[in-house]
Amino acid sequence: MLIRKLESIARLSDEERRAIERLPITGRHLAAHQDIVREKDRPSQCCLLLEGWVCRYQVLSEGKRQIFSFHIPGDIPDLQSLHLRVMDHSVCTMTQATVAFIPHEAMLELTATFPGIAAILWRDTLVDGAVFREWMTGMGRRTALEAVAHLFCEMYVKLEAVGLARDHGYRLPLTQADLGDALGLSNVHVNRTLREMRESGLITLHSGKLEIKHWQELAKLCDFDPTYLHLERLAA
């Protein structure tokens, strides 16, 4: 999954692929809503997501949660822990998940030996920054309808790029509370927005499966432009 993810944003040589395949990993199956790494931790390993969804988040003193990003198989959501000793946020599973823990020593050796891989991982962190800027724009300037539509388009394009979505449909294992915590919306506002999208025929959402019925209309509604994802392969 890591190779597939990296090749969605850049090209790897055969030697680089083999080096990634040789990385020592410790696999674990985790339940939903389980922290992988917590704020203030000093991790000695990175987490590669193999199956499921995870998110980055913080909880304020009064208990309110802000989700910063959603992550899908192939992502390393705590990659920054290679160079930042203390975590400034937490990472938790949204669903049941399978993860592979990679020792920092092995990742540092990999990037020192293969500067091309180091450059691709750096590119990945830059793309993360681009996504954060897009989310900030959404929370500051988009309507609730536009913000939800934009998130649905973004997740489809990312999933399609790594072979986990097709025909404008994908599994969306998020609750209305999750969407609200990511977009700065109340549950009531999210519920009203989803109902409006269903009634207008833009989407169907049932049992955790989202189908975008009219991709062009949805993308136009929220001015979705996937350039900020900097993918080698884009959804049509």
Side-chain angles (χ1 to χ4, degrees), residues 30-36 39 49 52-73 75 77 89-97 128 130-161 164-165 167-226 228-229 235:
L30 302 176
H33 312 301
Q34 181 174 342
D35 279 335
I36 299 172
E39 187 176 359
L49 182 61
W53 284 44
V54 306
C55 74
R56 295 181 180 133
Y57 76 96
Q58 276 185 339
V59 176
L60 302 180
S61 58
E62 64 267 31
K64 295 180 181 179
R65 179 180 65 163
Q66 177 64 54
I67 292 176
F68 302 125
S69 55
F70 295 118
H71 294 274
I72 59 175
D75 287 351
H89 61 277
S90 301
V91 178
C92 78
T93 59
M94 308 296 294
T95 65
Q96 291 185 355
D128 260 354
V131 173
F132 283 141
R133 289 190 291 276
E134 198 68 32
W135 278 40
M136 184 178 295
T137 300
M139 285 190 285
R141 296 301 178 188
R142 293 191 180 102
T143 65
L145 181 61
E146 292 166 347
V148 174
H150 200 277
L151 177 62
F152 286 173
C153 290
E154 175 182 292
M155 296 310 303
Y156 175 72
V157 172
K158 291 174 65 175
L159 287 161
E160 195 271 349
L164 296 176
D167 300 326
H168 299 121
Y170 59 95
R171 181 171 175 258
L172 182 71
L174 305 177
T175 66
Q176 292 183 15
D178 295 333
L179 292 172
D181 287 349
L183 300 174
L185 302 171
S186 69
N187 286 358
V188 171
H189 215 162
V190 172
N191 182 276
R192 186 185 305 129
T193 300
L194 292 176
R195 183 171 65 249
E196 181 179 351
M197 295 175 77
R198 289 188 183 100
E199 290 175 352
S200 64
L202 288 171
I203 68 164
T204 60
L205 180 58
H206 180 69
S207 299
K209 176 66 185 296
L210 174 71
E211 184 177 355
I212 300 173
K213 307 296 289 187
H214 299 285
W215 171 262
Q216 296 297 338
E217 288 86 344
L218 191 70
K220 183 178 180 180
L221 169 68
C222 59
D223 289 326
F224 179 72
D225 179 352
Y228 70 98
L229 296 173

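We count residues from 1, following the sequence as given.
Side-chain contact check for P73 versus L164: some heavy-atom pair is nearer than 4.5 Å. In this structure, the side chains of F152 and L172 come closer than 4.5 Å at one or more pairs of heavy atoms. In this structure the side chain of V148 reaches within 4.5 angstrom of the side chain of L185, judged on heavy atoms. For the pair V131/E154, a side-chain contact is recorded, criterion being any heavy-atom separation below 4.5 Å from C-beta on.
Distance CG/L221 to CD/Q216: 13.0 Å, rounded to 0.5 Å. A distance of 11.5 Å separates CH2 in W135 from CZ in R142, rounded to the nearest 0.5 Å. Here the NE2 atom belonging to H89 is positioned 9.0 Å from the CD atom belonging to E39, to the nearest 0.5 angstrom. Summarising the geometry, atom CD belonging to Q34 is positioned 9.5 Å from atom SG belonging to C92; distances are rounded to the nearest 0.5 Å. In this structure, CD1 on I72 lies 7.0 Å from CH2 on W53, to the nearest 0.5 angstrom. How far CD of E211 is from OH of Y170: 12.0 Å, rounded to the nearest 0.5 Å.
Scanning for side-chain contact (heavy atoms from CB on, under 4.5 Å) contacts around A177 gives T175, N187, with sequence neighbours left out. Not counting sequence neighbours, the partners of R65 by the salt bridge (Lys or Arg N to Asp or Glu O under 4.0 Å) test are D178, D181. Residues satisfying the side-chain contact (heavy atoms from CB on, under 4.5 Å) criterion with Q96, sequence neighbours excluded, are absent altogether. Residues forming a side-chain contact (heavy atoms from CB on, under 4.5 Å) with C222 (at least two apart in sequence, or on another chain): E146, A149, H150, C153, F224. The salt bridge (Lys or Arg N to Asp or Glu O under 4.0 Å) check on D223 picks up nothing, with sequence neighbours excluded.
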Test side-chain contact (heavy atoms from CB on, under 4.5 Å) applied to T95 and R171, step by step: CA-CA 11 Å; T95 65; R171 181 171 175 258; 4.2 Å; yes

Pair Y57-D35, side-chain contact (heavy atoms from CB on, under 4.5 Å): steps then yes or no: CA-CA 10 Å; Y57 76 96; D35 279 335; 2.7 Å; yes

Stepwise side-chain contact (heavy atoms from CB on, under 4.5 Å) test for M155 and L174: CA-CA 12 Å; M155 296 310 303; L174 305 177; 5.9 Å; no

Intermediate values then yes/no, side-chain contact (heavy atoms from CB on, under 4.5 Å), L49 and I36: CA-CA 11 Å; L49 182 61; I36 299 172; 5.8 Å; no

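In plain terms, the two heavy atoms of T93 and V54 that are nearest each other are CA-CG1, 3.9 Å. The two residues P226 and V157 come nearest to each other via the heavy atoms CB-CG1, 4.4 Å. Minimum heavy-atom separation, Y228 to E134: CZ-CG, 3.7 Å. Shortest non-hydrogen contact noted between A32 and M94 is CB-O, 3.9 Å.
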Ignoring hydrogens and angles, write down the donor-acceptor pairs under 3.5 Å from the side chains of residues 197-208, residues two or more places apart or on other chains.
unit_1, atom_1, unit_2, atom_2, d
R198, NH2, L205, O, 3.4
S200, OG, E196, O, 3.1
S200, OG, M197, O, 3.0

